[in-house]
Asks: 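Next up is a structure, given as structure tokens.
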Amino acid sequence: MAIAETAYAKINLALHVRNRREDGYHELETLFAFVDAGDVLTARSAAQDSVRVLGEFSGGLDNPFDNLVAKALGKLPRAEGLAVTLEKNLPVAAGLGGGSADAGAVFRMVRERYGLPEDWHARAAALGADVPACVESRTCIGRGTGTELEAVDDSLAGTPVLLVNPRVPLATGPVFAHWDGTDRGALPQGDALTIALEGRNDLEIPAISLCPQIAGVLAALRGTSPVLARMSGSGATCFALFDSDAVRDEAAARIAAEHSGWWQLKGSLR
């Protein structure tokens, strides 16, 4: 019997970079949220693990057996293998945690069929800073490198959201390297809406310096009267939150008409 899971797109409603560590990583505080759409994974029992990748952005994965789906399978002991098909709907190197979301979906599939080891969080963190949050794919605060998770009063569940990407891949490492090292302060206190509105993304300026198209995406989104428009993660995807599906859909149609080459995804926050 097949198992199916959505790898929900991750967005950072706020991302405060606090310090550059000696080990090359950064201390940060972020508000994770997840859209109710993304990549799709299906899995069947098999003699050994395997991964097959298809979909619009499958070409962005140079070696499907070296992606985070395969690595997640390798982290989770089971009595049998899983043959996984990954439908890659999210752009790669886009600030959406696509690979991390895929790994999180693998953890959920294994949990459903076999259960997870007690140290699953450490195993997830070893795959990437976003992976532990992507396992549950619910709004939460991440600290440290993003792996130390805290619950938050989620006032944003169900909020209509639009994701837009200029179809320019942007690697995370160079964006962090261009951060100016200035600590601009901690995440605000309050519920998810308050933190999002009063927060910021400290990687927005360095990302725009590397990918100027981000500024155009943000301008287009901010011209549609959203509740909030901001870049996600290290870019280049940006998001906008709206008061209603109708306003979001109107914004999506307008941006599609004016920028037909851009990728976009409509959904709601989980």
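Computed from heavy atoms alone, side chains included, the values below leave out hydrogens, waters and symmetry copies. In what follows, residues are counted from 1 in the order of the sequence shown. Worth saying up front: this structure is predicted, and the values here are computed from it rather than measured.
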Asks: Out of curiosity, M231 CE to N12 CG, how far, rounded to the nearest 0.5 Å?
Replies: 8.5 Å

Asks: Does the pair Y114 and L82 meet the rule for a side-chain contact (heavy atoms from CB on, under 4.5 Å), with working shown?
Replies: CA-CA 11 Å; Y114 313 100; L82 285 174; 3.6 Å; yes

Asks: Can you find a heavy atom in the side chain of F107 that is under 4.5 Å from one in the side chain of L116?
Replies: yes

Asks: Taking R248 first and then D243, would you say they form a salt bridge - that is, a charged N and a carboxylate O separated by under 4.0 Å?
Replies: no

Asks: In this structure, are over 12 heavy atoms from other groups packed under 6.0 Å from Q189 atom CD?
Replies: no

Asks: Do T237 and N165 meet the criterion of a side-chain donor-acceptor pair at a distance under 3.5 Å?
Replies: yes

Asks: Applying side-chain contact (heavy atoms from CB on, under 4.5 Å) to L41 and T85, what does each step give before you reach the verdict?
Replies: CA-CA 6 Å; L41 290 83; T85 298; over 6 Å; no

Asks: Using a cut-off of 6.0 Å, state whether more than 12 heavy atoms not belonging to R44 lie near its atom CZ.
Replies: no

Asks: Please determine which of V53, V106, L68, V40 meets the side-chain contact (heavy atoms from CB on, under 4.5 Å) test together with L86.
Replies: V53

Asks: Can you tell me how far the CZ atom of R230 sits from the CG atom of L13, to the nearest 0.5 Å?
Replies: 8.0 Å

Asks: Say whether L241 and L221 are linked into one hydrophobic cluster, either directly or through other cluster members, by side-chain heavy-atom distances under 4.5 angstrom.
Replies: no

Asks: To the nearest 0.5 angstrom, please state how far the SG atom of C134 sits from the CZ atom of R108.
Replies: 8.0 Å

Asks: Consider only side-chain heavy atoms of I, L, V, M, F, W and Y, link residues closer than 4.5 Å, and tell whether I214 and L203 are in one cluster.
Replies: yes

Asks: Roughly how far, to the nearest 0.5 Å, is CD1 of I205 from CG of L210?
Replies: 12.5 Å

Asks: Given the rule that I, L, V, M, F, W and Y join up when any side-chain heavy atoms are under 4.5 Å apart, are Y8 and V92 in one cluster?
Replies: no

Asks: Do the charged groups of E29 and R143 touch, with an N to O distance under 4.0 Å?
Replies: yes

Asks: Give the cluster check for L228 versus L218: same hydrophobic cluster or not, with ILVMFWY residues linked at side-chain heavy-atom distances below 4.5 Å.
Replies: no

Asks: Identify the heavy atoms of I195 and G190 that sit nearest to each other, and give their distance.
Replies: CD1-O, 3.5 Å

Asks: Do the side chains of L162 and V168 join up, straight or via other hydrophobic residues, at under 4.5 Å, putting them in one cluster?
Replies: no

Asks: Test R78 against V110 for side-chain contact (heavy atoms from CB on, under 4.5 Å), laying out the working first.
Replies: CA-CA 8 Å; R78 287 152 283 121; V110 170; 3.9 Å; yes

Asks: Closest approach of K10 and G233, non-hydrogen atoms and distance?
Replies: NZ-CA, 4.3 Å

Asks: Can you check side-chain contact (heavy atoms from CB on, under 4.5 Å) on N89 and F57, steps first, answer last?
Replies: CA-CA 6 Å; N89 301 319; F57 294 101; 5.7 Å; no

Asks: Which residues satisfy the salt bridge (Lys or Arg N to Asp or Glu O under 4.0 Å) test with R111, sequence neighbours excluded?
Replies: E136

Asks: Check this for me, if you would: do R184 and E204 make a salt bridge, where the nitrogen-to-carboxylate-oxygen distance has to be below 4.0 angstrom?
Replies: no

Asks: If we ignore angles and hydrogens, is there a donor and acceptor under 3.5 Å between the side chains of H16 and R200?
Replies: yes

Asks: When the side chains of residues 257-270 are checked against the rest of the protein, which donor-acceptor pairs come out under 3.5 Å, sequence neighbours left out?
Replies:
{"unit_1": "Q264", "atom_1": "NE2", "unit_2": "A252", "atom_2": "O", "d": "3.2"}
{"unit_1": "R270", "atom_1": "NH1", "unit_2": "S137", "atom_2": "O", "d": "2.7"}

